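Worksheet: one structure, shown below.
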Amino acid sequence: PPHLVVPAVCAEAALAIELGDVDGPIPSLREILLRNGSAESCSIAARAIARAYELRKDYRKSLFYAQIARDPAQQAGSAERLAAATNQIGNAQLGQSLFEQAADSYHRALASIPPGRIEWRLICSANLAYCAMLKGRVRDGVRSLYAVLREARRNALPRLEMMARVDLC
């Protein structure tokens, strides 16, 4: 069906970005962002672009596109997309050493995560814990990361278990 083409293109581009192709998908995602009327698709496209720029360590552009992703997520009423965009804003702020702002963004992301989305809650919690450690609150950060690690183990989420272990190193 035609209404599924744009979400499929966004999903494929986001996967390519996560697998390391941080340049190729951006033009098609920008086109979706500029020409598509679906708030949800625009949010997904903008967040994928923000992630690509984060991986390229261009945190200013990442922040710009993450903020663009937030507005259509709010329009669409998508709590999950809003949490993803807000977490991405925090990542971009963290990359720019804006620790207080990043912590605020991670708190907002946590508050907008829908019930039952354990993986997203753990990602944002780990990000917030890492941010606390960078702000000098090492004990709080380590305690929170161990909580993330325990819950990741309990829920058989090896990717998040690894993320918490790396942050604890």
Side-chain angles (χ1 to χ4, degrees), residues 9-34 36 39-76 78-113 117 119-138 140-142 144-145 148 152 159-169:
V9 169
C10 288
E12 181 180 29
L15 180 60
I17 289 166
E18 291 299 328
L19 292 174
D21 183 5
V22 296
D23 295 315
I26 290 178
S28 61
L29 290 169
R30 278 193 186 125
E31 186 175 334
I32 289 168
L33 192 55
L34 294 172
N36 193 282
E40 181 119 6
S41 293
C42 288
S43 180
I44 295 168
R47 201 212 76 41
I49 295 170
R51 177 70 174 144
Y53 281 118
E54 176 191 2
L55 293 172
R56 288 167 59 176
K57 301 202 181 315
D58 189 339
Y59 300 113
R60 284 191 356 226
K61 284 186 181 178
S62 178
L63 180 58
F64 174 77
Y65 281 101
Q67 289 169 331
I68 289 174
R70 180 185 52 203
D71 296 335
Q74 288 174 325
Q75 289 173 350
S78 174
E80 186 171 336
R81 295 284 162 234
L82 182 59
T86 308
N87 182 68
Q88 188 64 47
I89 288 169
N91 291 349
Q93 291 166 329
L94 192 64
Q96 296 179 67
S97 299
L98 303 171
F99 303 131
E100 290 298 329
Q101 292 174 5
D104 290 343
S105 292
Y106 294 138
H107 280 294
R108 283 194 304 279
L110 279 166
S112 63
I113 295 172
R117 294 304 308 232
E119 190 170 354
W120 263 115
R121 187 174 48 76
L122 292 178
I123 288 169
C124 293
S125 295
N127 288 343
L128 183 60
Y130 182 71
C131 189
M133 290 171 57
L134 292 175
K135 289 170 40 180
R137 294 188 3 251
V138 176
D140 293 339
V142 168
S144 296
L145 282 170
V148 168
R159 180 176 149 251
L160 288 168
E161 189 177 330
M162 179 211 52
M163 186 176 155
R165 287 179 187 274
V166 167
D167 286 348
L168 284 165
C169 289

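Note that this is a predicted model, so its numbers are computed, not measured.
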Query raised in the report: Just wondering, do E119 and R159 contact through their side chains at under 4.5 Å, heavy atoms?
Result: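 Side-chain contact under 4.5 Å: yes.
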Can you measure from [atom1] ([X]) to [atom2] ([Y]) and round to the nearest 0.5 angstrom?
{"X": "C42", "Y": "I32", "atom1": "SG", "atom2": "CD1", "answer": "8.5 Å"}
{"X": "Q101", "Y": "I89", "atom1": "CD", "atom2": "CD1", "answer": "11.0 Å"}
{"X": "R117", "Y": "L122", "atom1": "CZ", "atom2": "CG", "answer": "11.5 Å"}
{"X": "L160", "Y": "I123", "atom1": "CG", "atom2": "CD1", "answer": "5.0 Å"}
{"X": "Y130", "Y": "M163", "atom1": "OH", "atom2": "CE", "answer": "10.5 Å"}
{"X": "I26", "Y": "I49", "atom1": "CD1", "atom2": "CD1", "answer": "6.5 Å"}

Q.
Run the side chain to side chain contact (heavy atoms under 4.5 Å, CB included) test against E40 and tell me which residues pass, sequence neighbours left out.
A.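 S38, I44, A76, S78, R81.
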Do side-chain atoms of [X] reach the backbone of [Y] as a donor and acceptor pair under 3.5 angstrom?
{"X": "S112", "Y": "A109", "answer": "yes"}
{"X": "S28", "Y": "P25", "answer": "yes"}
{"X": "S43", "Y": "A69", "answer": "yes"}
{"X": "Y106", "Y": "N91", "answer": "yes"}

With side chain to side chain contact (heavy atoms under 4.5 Å, CB included) as the test, would you mind laying out the steps for L110 and W120 before giving the verdict?
-> CA-CA 8 Å; L110 279 166; W120 263 115; over 6 Å; no
Result for side chain to side chain donor-acceptor pair (under 3.5 Å) between E54 and one of R51, R56, K57 points to R51
Item to complete: Can you see which heavy atom on A164 is nearest to which on L145, and at what distance?
Response: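 Scanning both residues completely, I find the closest heavy atoms to be CB-O, 3.9 Å.
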Heavy atoms of S41 and C10 approach each other most closely as O-SG, 3.9 Å
With side chain to side chain contact (heavy atoms under 4.5 Å, CB included) as the criterion, how do E100 and Q93 come out once you've worked through the C-alpha distance, each side chain's angles and the decisive distance to 0.1 Å?
CA-CA 9 Å; E100 290 298 329; Q93 291 166 329; over 6 Å; no
**Asked** What do the steps show when you test M133 against D167 for side chain to side chain contact (heavy atoms under 4.5 Å, CB included), and what is the final call?
**Response** CA-CA 9 Å; M133 290 171 57; D167 286 348; 5.7 Å; no
Hey, is CD on E18 packed in by over 12 heavy atoms from elsewhere, all under 6.0 Å?
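Yes, because the 6.0 Å sphere around CD of E18 holds more than 12 heavy atoms from other groups.
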Enumerate donor-acceptor pairs with a distance under 3.5 Å from any side-chain N or O in residues 59-66 to protein atoms, sequence neighbours excluded.
unit_1: S62; atom_1: OG; unit_2: A50; atom_2: O; d: 2.8
unit_1: S62; atom_1: OG; unit_2: Q88; atom_2: NE2; d: 3.3
unit_1: Y65; atom_1: OH; unit_2: R30; atom_2: NE; d: 3.1

I113 vs C124, test: side chain to side chain contact (heavy atoms under 4.5 Å, CB included). Steps then yes/no.
CA-CA 9 Å; I113 295 172; C124 293; 3.9 Å; yes
